[in-house]
Structures are given as structure tokens and as C-alpha cells.
Trainee: 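Right, I'll just put the structure down here and ask away after.
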Amino acid sequence: MKTAFITGITGQDGSYLAELLLDKGYTVHGLIRRASTFNTDRIDHLYRDFHDPEARVYLHYGDLSVSGQLTDLLHGIKPDEIYHLGAQSHVRVSFDMPEYTGDITGLGTLRLLEAIRRTGIKTRFYQASSSEMFGAAPPPQSERTPFQPQSPYAAAKVYAYYIVKNYREAYNLFACNGILFNHESPRRGETFVTRKITRAATRIMLGMQEKLYLGNMEAKRDWGFAGDYVEAQWLMLQQDSPDDFVIALGETHSVREFVEKVFQKLDMDYKEHVEIDPKYFRPTEVDVLLGDSSKARKILGWNPKVSFDRLVDMMIKADMELAKKEKTLLDAGHNINGRIA
Ligand code: NAP
Ligand code: G4F
């Protein structure tokens with residue numbers, strides 16, 4: 001039985017990856033942050049009390065800013081595979097918190113690599129690199145496209161990408177960069193644009209919200225399903241040698257198209273509900289992302305199963321169920337968390 005260590009296990013990808021690894025028989029250790037509220041919603045269904053002999057998920061408090069503790073954890077767990085998904089992952093927020101983003105999203109990767117080097121454990125390392133690193137580079141983007149980062153987040157990810165390559169070459173580590181294009185799901189954080197749209201549209205439909213405020217609706221993204229993308233993360237660590245791979249569906253749509261599609265599927269006209277708020281614009285934008293993942297499809301045999309259209313349906317369905325639950329509570333006189341991203 002293999003053992004994996006996941007940073008970012010409480011995030012969208014971490015939850016899907018933990019499910020995948022448990023299905024494959026792994027024992028899964030995850031790094032979680034202490035918070036004054038519960039932050040394990042996405043993995044609660046996987047967790048069993050550690051006294052239970054059947055338990056295969058173990059959670060450890062820690063933070064990507066603390067290197068000594070990461071070293072102790074890796075020394076104790078000695079995982080066969082490390083999936084480093086933890087990050088300050090929001091691009092707009094990275095303009096508000098550039099130093100923090102550099103520390104966690106950039107240096108966090110170095111801290112883990114150093115922990116591997118210092119402990120001398122034999123392990124395989126996955127780095128959650130991002131299509132955001134391509135920035136202003138014209139589409140389509142592949143492993144050969146030079147990076148032109150357009151945000152503190154992207155600059156931090158470029159640092160992490162190169163430090164992974166450096167440790168691979170300098171210390172012969174099995175370390176891979178998965179350069180993943182945007183991937184979404186019903187578990188997507190509510191401040192990312194797709195989920196913000198499906199949450200708002202379903203609430204508008206049920207009369208719980210009037211307006212949806214967005215930023216740049218002309219930006220284009222290559223959106224796929226997170227469940228398909230974590231499979232690629234696992235495949236990268238099963239190869240004979242470490243390498244870097246672009247993972248993308250290979251089609252691009254604007255934010256406007258996404259909104260239009262969601263509202264249309266709910267028989268509504270988005271123009272009646274959507275307004276632009278300059279607050280959501282970024283000082284520098286990434287205009288078009290469109291991935292060429294032919295290398296991953298050929299070498300890893302990676303083949304995404306969920307189309308863009310099915311992804312949209314999946315997100316609408318889940319958010320409609322959530323909105324209905326919220327409405328039932330509201331109608332019964334309860335307070336709900338009506339916070340909008
Ligand atoms: P996400 O939902 O935002 O999850 C981020 C995770 O990182 C959460 O578990 C979060 O913990 C954890 N984290 C944040 N700061 C931390 C810190 N200081 N110490 C320890 N853990 C910390 O992100 P995601 O969408 O799953 O993405 C996973 C990774 O892939 C990220 O590195 C992201 O940058 C990268 N990526 C994502 C996409 C995409 O489209 N989703 C595309 C390319 C690359 P809390 O739950 O406590 O906040
Ligand atoms: O959903 P987004 O915030 O995702 P973004 O910036 O593309 O970043 C995501 O994908 C990256 C991979 O390319 C990841 F590395 C990163 O961690 C994250 O998961 O924004 C998508 C687009 C942007 O062009 C943004 O300007 O939507 C535009 N947008 C328009 N109105 C908005 C909004 N984005 C957000 N979050 N909120 C809006 O109201």
C-alpha cells in the first residue's frame with residue numbers, strides 16, 4: 001500500500017485527489033491549516049476518526065510558511081508520493097497580498113523540496129504549476145511556450161516551476177510540474193468566476209439575489225473538470241522518469257460566453273442581471289488561455305472525460321440544489337450565509 005502526502009487537501013483539487021488515491025488503495029496524509037472555523041467541508045466525507053482501524057486519511061496541522069515543521073512531517077510520514085497543491089491560489093487577491101503570495105505560493109514549494117533533500121526520503125513530488133504562468137504569451141500554449149507572467153501569483157508560480165526543475169537536475173529528485181489550465185467543479189471556491197456565476201444564477205432564478213457583479217467579461221479561459229485533472233497529477237508520478245506536462249481540454253471560452261450559457265440554460269437573459277464592477281478588474285490581465293496538451297495525451301495516456309458543456313451542467317445542478325436548500329431555510333425564517341464573492 002502506497003502513502004501519499006497532500007498539501008492543499010482541503011481545496012478543490014485536494015479533495016478530488018484524496019478520493020482518487022483512496023480508491024487506488026493509498027493511505028493519505030494531508031496538511032491542514034488551523035482556522036477558527038471548520039475548513040474541511042470538502043473532505044469530511046472521506047475522514048474517519050484515527051482510532052478507527054479502517055482510517056486511511058490522516059490530517060496534520062501545519063502551514064507552508066513553516067519549513068522546520070514540514071521537514072518533521074515528511075521525516076515522520078516518509079510518503080511515496082507528495083502532491084503539492086497548497087497555495088494562495090487567487091490571482092486577483094495576489095495583487096492585494098503580493099508578499100504573502102510570494103511566500104506561500106513561491107517559497108512554499110522550495111520549503112518542501114528542501115525538506116525532501118534534508119531528510120533524504122525517497123519520494124516523488126508533484127508541483128501544481130499553472131497556465132497563469134503563460135500570461136501574455138499568445139495561444140495555444142504548450143510546454144514549449146515561454147512564460148510571460150502577469151500577476152504576483154503567476155510570478156510566484158514561475159519561481160516554483162523553476163525551483164522544481166532545478167532540484168530535479170541538481171539533486172536527481174523525481175519532481176514534476178503539472179501545468180494545469182483552469183479546472184472547475186461544484187467544489188470550486190466561490191470567488192472564482194465560474195462558481196461565482198453558477199451560484200449567482202441559481203440564486204437569482206429562485207429570487208434570492210438580484211444582480212451579479214463581474215469584472216472583465218472578455219477574458220478567455222480553457223475550462224475543464226477538476227476530477228479529470230487530478231487523474232493527470234497521479235499519472236505524472238507513475239511514469240519511469242520525471243517530466244513537465246500541460247493539462248488542458250483544448251478549447252477556450254470567454255467569461256461572457258460562460259455567463260450567457262449558464263443563464264440561457266436557466267431560461268434567463270444575463271443582460272437583465274449582470275453588471276460590471278471595476279473592483280473585479282485586475283491591474284494586468286491574462287487575455288486568452290488555450291492549452292495544447294498533446295504531450296500528456298500521448299505520453300500519459302490522459303484523456304479527459306467531461307466536456308465543457310457537461311461541466312457547466314454539473315455546476316448548475318449542484319448549485320441549484322444548494323440554492324434550494326438555502327431557500328427552504330430562508331422561508332422557514334432561518335439566517336443563511338448570503339455572502340457574495
Ligand atoms: P484552492 O481550492 O484555492 O485550494 C488551495 C489549498 O491550499 C487549500 O487547501 C488551502 O487551505 C491551502 N493553503 C493555502 N494557503 C496555505 C498555507 N499557507 N499553508 C498550507 N496550506 C495552504 O486551489 P485549487 O483550485 O484546489 O488548486 C490547487 C493548486 O493548483 C493550487 O496550487 C493552485 O494554485 C493550482 N492551480 C489551480 C488551477 C485551477 O484552475 N484550479 C489551475 C492551475 C493551478 P485552506 O482550505 O485552509 O484555505
Ligand atoms: O476564475 P478566475 O479568478 O481564475 P484565474 O484568474 O484564471 O485563475 C485560476 O486559474 C489559474 C489557471 O490558469 C490558476 F492557476 C489559479 O489558481 C486560479 O485557479 O478568473 C478567470 C477570469 C479572469 O480573466 C478574470 O479577470 O475571469 C475574469 N473575471 C471577470 N469577472 C473574474 C470576474 N474573475 C473573478 N474571480 N471574479 C469576477 O468577478
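Side chains included, hydrogens not; waters and symmetry mates left out as well; all remaining heavy atoms used.
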Trainee: Just by distance, with hydrogens left out, do Tyr270 and Glu272 show a side-chain donor and acceptor under 3.5 Å apart?
Mentor: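 Side chains of Tyr270 and Glu272: no pair found under 3.5 Å.
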Trainee: Would the distance check show the side chain of Lys279 and the main-chain N or O of Leu214 forming a donor-acceptor pair, the cut-off being under 3.5 Å?
Mentor: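 No; judged by distance alone, with no hydrogens or angles, the pair does not exist.
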Trainee: Are Gln233 and Leu180 close enough that some pair of their side-chain heavy atoms sits under 4.5 Å apart?
Mentor: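 Gln233 vs Leu180: side chains touch.
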Trainee: More than 12 foreign heavy atoms under 6.0 Å from CD of Glu169: is that the case here?
Mentor: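 Enclosed: over 12 neighbouring heavy atoms sit under 6.0 Å from CD of Glu169.
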Trainee: Salt bridge (charged side-chain N to carboxylate O under 4.0 Å, His left out) for Lys265 and Asp309? Distances and angles first, verdict last.
Mentor: CA-CA 11 Å; Lys265 281 177 184 277; Asp309 196 57; 3.2 Å; yes
Trainee: Test Val286 against Leu289 for side chain to side chain contact (heavy atoms under 4.5 Å, CB included), laying out the working first.
Mentor: CA-CA 7 Å; Val286 170; Leu289 290 176; 3.7 Å; yes
Trainee: Ring centroid separation for Trp234 and Tyr126, is it under 6.0 angstrom?
Mentor: no
Trainee: Decide side chain to side chain contact (heavy atoms under 4.5 Å, CB included) for His273 and Glu210; before the verdict, give the C-alpha distance in whole Å, the side-chain angles of both, and the deciding distance to 0.1 Å.
Mentor: CA-CA 7 Å; His273 302 282; Glu210 274 182 26; 5.9 Å; no
Trainee: How about Tyr58 and Phe50: are their ring centres within less than 6.0 Å of each other?
Mentor: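 Judged by ring-centre distance (under 6.0 Å), Tyr58 and Phe50 do not meet the cut-off.
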Trainee: What's the shortest heavy-atom distance between Ala248 and Trp302, and which atoms?
Mentor: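 Closest approach of Ala248 to Trp302, heavy atoms only: O-CZ3, 3.4 Å.
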Trainee: Check this for me: does any side-chain nitrogen of one of Arg111 and Glu114 sit under 4.0 Å from a carboxylate oxygen of the other?
Mentor: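 Result for this pair is no, no salt bridge flagged.
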Trainee: Quick one: do Glu321 and Lys317 make a salt bridge, cutoff under 4.0 Å?
Mentor: yes
Trainee: Taking atom CG of Leu46 and atom OG of Ser15, what is their separation to the nearest 0.5 Å?
Mentor: 7.5 Å
Trainee: Is it true that Glu326 and Arg203 have a side-chain N and a carboxylate O under 4.0 angstrom from each other?
Mentor: yes
Trainee: Under 3.5 Å, is there a donor-acceptor pair between the Ser185 and Gln12 side chains?
Mentor: yes
Trainee: Looking at Tyr61, I'd like to know if the NZ or CZ of Arg34 sits under 6.0 Å from its six-membered ring centre while staying within 45 degrees of the ring's axis.
Mentor: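 Output no; distance or angle outside limits.
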Trainee: With side chain to side chain donor-acceptor pair (under 3.5 Å) as the test, pick out the partner of His183 among Asp13, Thr194, Asp228.
Mentor: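 Going through Asp13, Thr194, Asp228 one by one, the side chain to side chain donor-acceptor pair (under 3.5 Å) with His183 is satisfied by Asp13 alone.
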Trainee: Go through Leu31 and Thr10 one step at a time and tell me if the side chain to side chain contact (heavy atoms under 4.5 Å, CB included) criterion holds.
Mentor: CA-CA 8 Å; Leu31 185 74; Thr10 54; over 6 Å; no
Trainee: For Glu231 and Tyr16, does a side-chain donor sit closer than 3.5 Å to a side-chain acceptor?
Mentor: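 Absent: no donor and acceptor within the cut-off.
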Trainee: Using modelled atom types only, decide if a donor and an acceptor are shared between the side chain of Gln141 and the backbone of Val288 within a distance under 3.5 Å.
Mentor: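 Checked: pair present.
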Trainee: For the pair Asp80 (side chain) and Thr3 (backbone), establish whether a donor and an acceptor sit closer than 3.5 Å, ignoring hydrogens and angles.
Mentor: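 Confirmed, Asp80 side chain pairs with Thr3 backbone.
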Trainee: Transitively linked via ILVMFWY side-chain contacts under 4.5 Å: Leu20 with Met236?
Mentor: yes
Trainee: Are any side-chain N or O atoms of Thr27 and backbone N or O atoms of Arg56, one a donor and one an acceptor, separated by less than 3.5 Å?
Mentor: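 Flag not set: sc Thr27 to bb Arg56 has no pair under 3.5 Å.
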Trainee: Run the salt bridge (charged side-chain N to carboxylate O under 4.0 Å, His left out) test on Arg256 and Glu218 for me, step by step, so that the C-alpha distance in whole Å, both residues' side-chain angles and the decisive distance to 0.1 Å come before the verdict.
Mentor: CA-CA 6 Å; Arg256 186 179 297 281; Glu218 309 319 321; 2.6 Å; yes
Trainee: Glu285 and Arg221: salt bridge (charged side-chain N to carboxylate O under 4.0 Å, His left out), yes or no, with the steps?
Mentor: CA-CA 12 Å; Glu285 176 63 282; Arg221 292 292 181 272; 3.4 Å; yes
Trainee: Tell me, with the steps shown, if Glu257 and Met217 meet side chain to side chain contact (heavy atoms under 4.5 Å, CB included).
Mentor: CA-CA 8 Å; Glu257 277 174 73; Met217 289 175 65; over 6 Å; no
Trainee: Between CG of Asn335 and CG of Leu330, what distance do you get to the nearest 0.5 Å?
Mentor: 8.0 Å
Trainee: Once you round to the nearest 0.5 Å, how far does OG of Ser142 lie from NZ of Lys295?
Mentor: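 Spacing of OG (Ser142) from NZ (Lys295) equals 9.0 Å.
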Trainee: Just checking, is any N or O donor in the side chain of Gln88 or Thr101 under 3.5 Å from an acceptor N or O on the other one?
Mentor: yes
Trainee: Counting only heavy atoms not in Arg118, do more than 12 fall under 6.0 Å of its CZ?
Mentor: no
Trainee: Are Ile179 and Met133 packed together at the side-chain level, in the sense that at least one heavy-atom pair is separated by less than 4.5 angstrom?
Mentor: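 Touching, per the 4.5 Å side-chain cut-off.
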Trainee: Looking at Glu19 and Arg187, is any side-chain nitrogen of the basic one under 4.0 Å from a carboxylate oxygen of the acidic one?
Mentor: yes
Trainee: Decide if atom CG of Asp331 counts as having more than 12 heavy atoms of other residues, nucleotides or ligands within a radius under 6.0 Å.
Mentor: yes
Trainee: Tell me, with the steps shown, if Phe308 and His253 meet ring-ring contact (aromatic ring centres under 6.0 Å, His included).
Mentor: CA-CA 9 Å; Phe308 174 68; His253 303 271; 3.8 Å; yes
Trainee: So, the side chain of Ser293 versus the backbone of Val246: is there a donor-acceptor pair under 3.5 Å, distance only?
Mentor: no
Trainee: Tell me whether the count of non-hydrogen atoms from other residues, nucleotides or ligands lying under 6.0 Å of NZ in Lys2 goes above 12.
Mentor: yes
Trainee: Quick test of your reading of the model: are Lys261 and Asp313 salt-bridged, counting only N-O distances below 4.0 Å?
Mentor: no
Trainee: Asp244 side chain to Asn177 main-chain N or O, any donor-acceptor pair under 3.5 Å?
Mentor: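 Checked: pair present.
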Trainee: Under a 3.5 Å distance rule, please check whether Arg124 uses its side chain to pair with a backbone N or O of Gln239 as donor and acceptor.
Mentor: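 Yes; judged by distance alone, with no hydrogens or angles, the pair exists.
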Trainee: Determine yes or no for a side-chain-to-main-chain donor-acceptor pair under 3.5 angstrom, with Asp222 supplying the side chain and Gly250 the backbone.
Mentor: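 Present.
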Trainee: Please determine, by modelled atom types, if His75 and Thr119 share a side-chain donor-acceptor pair under 3.5 angstrom.
Mentor: no
Trainee: Relative to each other, are the rings of Phe147 and Tyr162 parallel, tilted or perpendicular (30° and 60° limits)?
Mentor: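 Rings of Phe147 and Tyr162: perpendicular, over 60°.
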Trainee: Is the terminal nitrogen or CZ of Lys196 (NZ for Lys, CZ for Arg) located under 6.0 angstrom from the six-membered ring centre of Tyr280 and within 45° of that ring's axis?
Mentor: yes
Trainee: Can a cation-pi geometry be assigned to Arg195 and Phe192, taking NZ or CZ under 6.0 Å from the six-membered ring centre and within 45° of the ring axis?
Mentor: no
Trainee: Are Leu266 and Ile316 close enough that some pair of their side-chain heavy atoms sits under 4.5 Å apart?
Mentor: yes
Trainee: Can you tell me how far apart CD (Gln127) and OG1 (Thr109) are? Round to the nearest 0.5 Å.
Mentor: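 Answer rounded to 0.5 Å: 3.5 Å.
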Trainee: So does Gln148 get a backbone contact from the side chain of Gln150, meaning a donor-acceptor N/O pair under 3.5 Å?
Mentor: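 Judged by distance alone, yes, a pair lies under 3.5 Å.
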Trainee: What distance separates Asp63 CG from Ile32 CD1, expressed to the nearest 0.5 Å?
Mentor: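 So the gap between those two atoms works out to 11.5 Å.
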Trainee: For Thr202 and Asp319, test the side chains for any donor-to-acceptor distance below 3.5 angstrom and give the result as yes or no.
Mentor: no
Trainee: Please check if the side chain of Asp243 supplies one atom and the backbone of Cys176 the other of a donor-acceptor pair under 3.5 Å.
Mentor: no
